[in-house]
K.L.:
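Okay, handing you the structure first.
We name chains A, B, ... by the order of the sequence lines, and we start the count at 1 in each one. All figures in this text were calculated on a predicted structure; none of them were measured in a lab.
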Protein chains: 2
Amino acid sequence: MDVVDKPYTERQKLIAKFSNALANPVRVAILELLSTDKCCYHREMFSHLPIAKSTLSQHLKVLSDAGLIQGDADPPKTKYCIDTENWGLAKGLFLGFFDR
Amino acid sequence: MDVVDKPYTERQKLIAKFSNALANPVRVAILELLSTDKCCYHREMFSHLPIAKSTLSQHLKVLSDAGLIQGDADPPKTKYCIDTENWGLAKGLFLGFFDR
DNA sequence: GATTTAATTCGTATTTGTACGAAATATAGT
DNA sequence: ACTATATTTCGTACAAATACGAATTAAATC
């Protein structure tokens, strides 16, 4: 590779990270539920998706780790919402990326 | 899940498919090379990336299968370019998705 | 026809993703 | 204290992604 090695830029890694979060139709559907319905509880999302509850929790964790959603825990409930700050960041990155 | 089961929409599956193609910094870098430099040969990309040639071919295949690039084979060379039609489609899908 | 060049395909090891059910957690209500 | 509710975590199985080097392909040139 090119002489000196900063393999990938932070931008490239961020785009990959956000893309990875979106790389599964279940997670795309979850984000759409959260951003349109303001639907926010695990139970509600579960009723719209053909997967086990534990699988849903796993997907929520992936989205959360990527920073695209936030979970406000109030046991036994957790209210999930889009993380608007990172959502905006992701949006900007994708716009910049595709705009060529 | 919801009564009748069309698990995921075509739109959701397409977004997931394109996202999956972008879900790795190597592939993000490849797409940037292709879209900025008009750099188009395996050999050129190889010189910019810290991976084995076979690994690069694999990533090119992923991008190609997702429809984001096209390879014009003229053995032993292959000239790679962005697939502008699907690039535009992906752009539109991401814009629509993030615009909420 | 042997060699060189450019790239792909194959075989394979390792890691990561996706799914499920069972068990655990934590609070609220009885 | 017991039960019900909402959700997560654990254990685990199977599939897919990522990486590499070795072998293969296919045309161009010697």
K.L.:
Taking only side-chain N and O atoms of Ser57(B), does any of them lie within less than 4.0 angstrom of OP1 or OP2 on dT8(C)?
P.N.:
yes

K.L.:
Taking OP1 and OP2 of dG17(C), is either one under 4.0 Å from a side-chain nitrogen or oxygen of His59(A)?
P.N.:
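Checking dG17(C) against His59(A), no side-chain N or O comes under 4.0 Å of OP1 or OP2.
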
K.L.:
Determine, for Phe46(B) and Lys53(B), whether the Lys NZ or Arg CZ falls below 6.0 Å from the six-membered ring centre while staying within 45 degrees of the axis.
P.N.:
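Ring-cation test returns yes.
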
K.L.:
Rounded to whole Å, please give me the gap between CG in Asp72(B) and P in dA7(C).
P.N.:
12 Å

K.L.:
Does a side-chain N-to-carboxylate-O contact under 4.0 Å join Lys17(B) and Asp65(B)?
P.N.:
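The answer is no: the pair does not qualify as a salt bridge.
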
K.L.:
On the nucleotide dC20(D), are OP1 or OP2 found under 4.0 Å from the side-chain N or O atoms that Thr55(B) carries?
P.N.:
yes

K.L.:
Between C1' on dG29(C) and NZ on Lys77(A), what's the gap in Å once rounded to a whole number?
P.N.:
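For the pair Lys77(A) NZ and dG29(C) C1', the rounded distance is 13 Å.
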
K.L.:
Could you check how far CD of Gln58(B) sits from C1' of dA19(D), rounded to whole Å?
P.N.:
7 Å

K.L.:
Ile30(A) has an atom CD1; how far is it from atom P of dT18(C), in whole Å?
P.N.:
11 Å

K.L.:
Can you see if the side chain of Asn24(B) gets near the phosphate of dT18(D) - specifically, an N or O under 4.0 Å from OP1 or OP2?
P.N.:
yes

K.L.:
What's the closest nucleotide to the side chain of Pro76(B) if the choices are dA6(C), dA19(D), dT8(C)?
P.N.:
dA6(C)

K.L.:
If only atom types and distance count, is the side chain of Arg27(A) paired as donor or acceptor with the main-chain N or O of Leu22(A) below 3.5 Å?
P.N.:
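No: the side chain of Arg27(A) does not pair with the backbone of Leu22(A).
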
K.L.:
Expressed as a whole number of angstroms, how long is the span from Leu60(A):CG to dT9(D):P?
P.N.:
11 Å

K.L.:
Can you tell me how far P of dA6(D) sits from CD of Glu44(A), to the nearest Å?
P.N.:
11 Å

K.L.:
Whole angstrom is fine here: how far is it from CZ in Arg27(B) over to P in dA16(D)?
P.N.:
15 Å

K.L.:
Specify the residue among Leu56(B) and Ser54(A) whose closest nucleotide of DNA chain C lies further upstream toward the 5′ end.
P.N.:
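The residue mapped nearer the 5' terminus is Leu56(B).
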
K.L.:
Is there a donor-acceptor contact under 3.5 Å linking the side chains of Ser57(B) and His42(B)?
P.N.:
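Per modelled atom types, Ser57(B) and His42(B) side chains form a pair under 3.5 Å.
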
K.L.:
Below 30° counts as parallel, above 60° as perpendicular, anything between as tilted: where do the rings of Phe97(A) and Trp87(B) land?
P.N.:
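Because their plane-to-plane angle lies in the 30° to 60° range, the rings of Phe97(A) and Trp87(B) count as tilted.
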
K.L.:
Within this structure, what is the CG-to-P distance between Leu63(B) and dA17(D), rounded to whole angstrom?
P.N.:
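Rounding to the nearest Å, CG of Leu63(B) and P of dA17(D) are 13 Å apart.
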
K.L.:
Under 4.0 Å from OP1 or OP2 of dT5(D): is there any side-chain N or O of His42(A) that close?
P.N.:
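No.
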
